[in-house]
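Note: hydrogens, waters and symmetry copies are ignored here, and every other heavy atom, side chains too, is used.
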Amino acid sequence: MATEMSPSTRRSFLSTLAAASTPAWLSSFQEVRAANHEKVRITDIKTMVLQGPRTYTLVRVDTDAGVHGFAEAYGSPGLGVKEEIHGLSELFIGEDPLQIDRLYTGYRYTDGSAHAQQRAMSGIEMALWDLAGKLLDVPTCKLLGGKFRDRVRLYDHSKPDDFFDKAVLRDWAQQVKESPFGINMHKFGPLRNSPGIDPGRDPSNRMLSSDELRRLRQGFENCRDALGFEHDILIGCHWEFDLRSSIDMAVALQDVKPRFLEDPLPVAYSESWKRLAEMSPVPICTGENWMRRADALPFVVNAAVDILHPDLRNSGGFLENKRMADLADLYFLPMANHNTGSIVNGMATIHWASTIRDYFACETVFFDGGWMDDVIVHDGPLAKGGFVEVPDKPGLGIELDPDVVKAHLAEGETWWG
């Protein structure tokens with residue numbers, strides 16, 4: 001006959017069983033959370049702006065525990081972002097930094113109202129996730145639900161200087177194929193990075209001429225011939241075209257097999273996006289200027305996009321974009337990321353991307369061995385074989401190199417001034 005446990009023995013047994021079945025990271029979460037819930041509070045929010053090809057607005061959240069988290073808000077164009085961060089900081093002082101969702105959604109600055117300050121809030125939100133990982137001694141990606149992958153693919157902006165000179169094309173193709181970083185996906189566009197179209201054309205003219213379409217097709221076909229199919233081509237527009245020109249361009253370039261056609265139409269949703277997606281033989285990509293998942297909603301439910309492409313610095317940081325990815329997943333649509341930020345936003349995006357089930361690639365203008373890579377402490381190349389490994393240290397797993405940062409501060413900036 002089984003012996004009945006006393007109430008105290010049963011409680012002890014159940015407590016032991018629960019502890020045995022609880023993952024180590026969750027036990028750490030519970031222990032630290034219980035110990036610090038009433039203790040750790042936000043004491044300050046600081047900024048620091050770097051200057052390179054663009055400006056890069058870094059944001060740091062400090063606490064009375066001596067632990068801080070940092071990330072990147074939008075830089076260029078970043079008019080007023082630094083001032084917005086400092087203006088919002090008083091809302092966070094004294095708050096529990098682990099209440100991230102409440103802190104992000106609790107104020108009327110992220111709901112699309114007239115006083116939305118999404119770019120500032122996005123940087124603060126990501127800094128809070130870095131801070132949370134450090135407080136709880138786990139990588140941020142684990143707090144976001146865990147990894148689907150240990151490394152994330154990159155795409156860059158490499159392009160030939162001349163789309164019609166075979167020698168230039170051959171040298172370009174050889175250079176990208178021999179790159180020690182191995183990025184084999186390249187985005188360039190029909191106007192700003194033009195294969196033969198006059199960049200000084202009237203910007204109010206949204207219609208492509210027959211000759212422009214012919215030269216576009218020839219220019220991209222020359223690139224494909226030089227690269228072969230071992231490297232992917234992406235077509236990046238900047239909202240320049242009307243509907244018919246967008247359709248004509250997609251048809252003209254279909255034999256090049258681009259992985260996507262990005263942002264040919266103006267930003268806001270319209271039925272023209274749906275018609276474009278229906279008629280284009282090339283996958284349609286957009287999203288870098290969405291502020292919230294609500295902006296993505298009509299594109300998703302109306303089958304007006306094939307690849308969602310938000311920028312974490314624009315679209316709410318980690319959690320809002322995770323919710324956007326969940327929406328996309330219901331419709332079997334992949335995610336990608338716009339990212340023209342510094343190496344800090346690059347590494348933050350790598351963390352986020354690792355947690356997305358159906359993920360395409362992350363844009364970068366760095367990860368190329370230059371000074372920007374050295375803004376964070378690292379051993380060896382950050383990109384290998386066209387991928388970046390997800391850091392496994394607490395938070396975002398990155399540390400700034402003070403000497404490199406100080407050498408590239410924007411005019412008038414000081415170290416976390």
Pair [X] + [Y], salt bridge at N-O below 4.0 Å:
X	Y	result
Arg293	Glu320	yes
Arg275	Glu271	no
Arg244	Asp242	no
Asp255	Arg217	yes

Can [X] be said to sit on top of [Y]'s aromatic six-ring, NZ or CZ under 6.0 Å from centre and within 45° of the ring axis?
X	Y	result
Arg313	Tyr74	yes
Arg215	Phe164	yes
Lys406	Trp415	yes

Check: [X] side chain, [Y] main-chain N or O, donor-acceptor pair, under 3.5 Å:
X	Y	answer
Thr110	Gln118	no
Arg151	Ile350	no
Asp311	Glu288	no
Arg119	Val81	no
His378	Gly380	yes

Whether the [X] and [Y] side chains hold a donor-acceptor pair (N or O, under 3.5 Å, no angle test) is what I'd like checked.
X	Y	value
Thr286	Asp263	yes
Asp171	Gln175	no
Asn337	Tyr359	yes

Any chance you could measure [X], atom [atom1], to [Y], atom [atom2], to the nearest 0.5 Å?
X	Y	atom1	atom2	value
Ile343	Ile398	CD1	CD1	8.5 Å
His351	Lys147	NE2	NZ	8.5 Å
Cys223	Gln218	SG	CD	10.0 Å
Ser315	Met291	OG	CE	9.0 Å
His157	Tyr155	NE2	OH	5.5 Å
Thr47	His86	OG1	NE2	2.5 Å

Do other residues, nucleotides or ligands put more than 12 heavy atoms under 6.0 Å from the [atom1] atom of [X]?
X	atom1	result
Glu389	CD	no
Phe229	CZ	yes
Lys393	NZ	no
Leu330	CG	yes
Asn205	CG	yes
Arg323	CZ	yes

With side chain to side chain contact (heavy atoms under 4.5 Å, CB included) as the criterion, how do Asp232 and Arg153 come out once you've worked through the C-alpha distance, each side chain's angles and the decisive distance to 0.1 Å? CA-CA 12 Å; Asp232 288 323; Arg153 190 179 182 186; 3.1 Å; yes
Go through Thr364 and Phe181 one step at a time and tell me if the side chain to side chain contact (heavy atoms under 4.5 Å, CB included) criterion holds. CA-CA 12 Å; Thr364 185; Phe181 309 104; over 6 Å; no
Does the side chain of Asp358 come within less than 4.5 Å of Phe148's, by heavy atoms?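 SC-SC contact between Phe148 and Asp358 ruled out.
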Please state whether the rings of Phe299 and Trp290 are parallel, tilted or perpendicular, taking 30° and 60° as the class boundaries.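 It falls in the tilted class, 30° to 60°.
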Aromatic ring centroids of Phe260 and His309 under 6.0 Å?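 Phe260 vs His309: aromatic centres under 6.0 Å.
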Carefully, step by step, assess Asp211 and Arg214 under the rule salt bridge (Lys or Arg N to Asp or Glu O under 4.0 Å). CA-CA 5 Å; Asp211 187 57; Arg214 178 189 64 81; 2.7 Å; yes
Report the C-alpha distance between Lys134 and Asp130 in whole Å, list the side-chain angles of each, state the deciding distance to 0.1 Å, and finish with yes or no for salt bridge (Lys or Arg N to Asp or Glu O under 4.0 Å). CA-CA 6 Å; Lys134 291 171 179 174; Asp130 179 43; 3.0 Å; yes
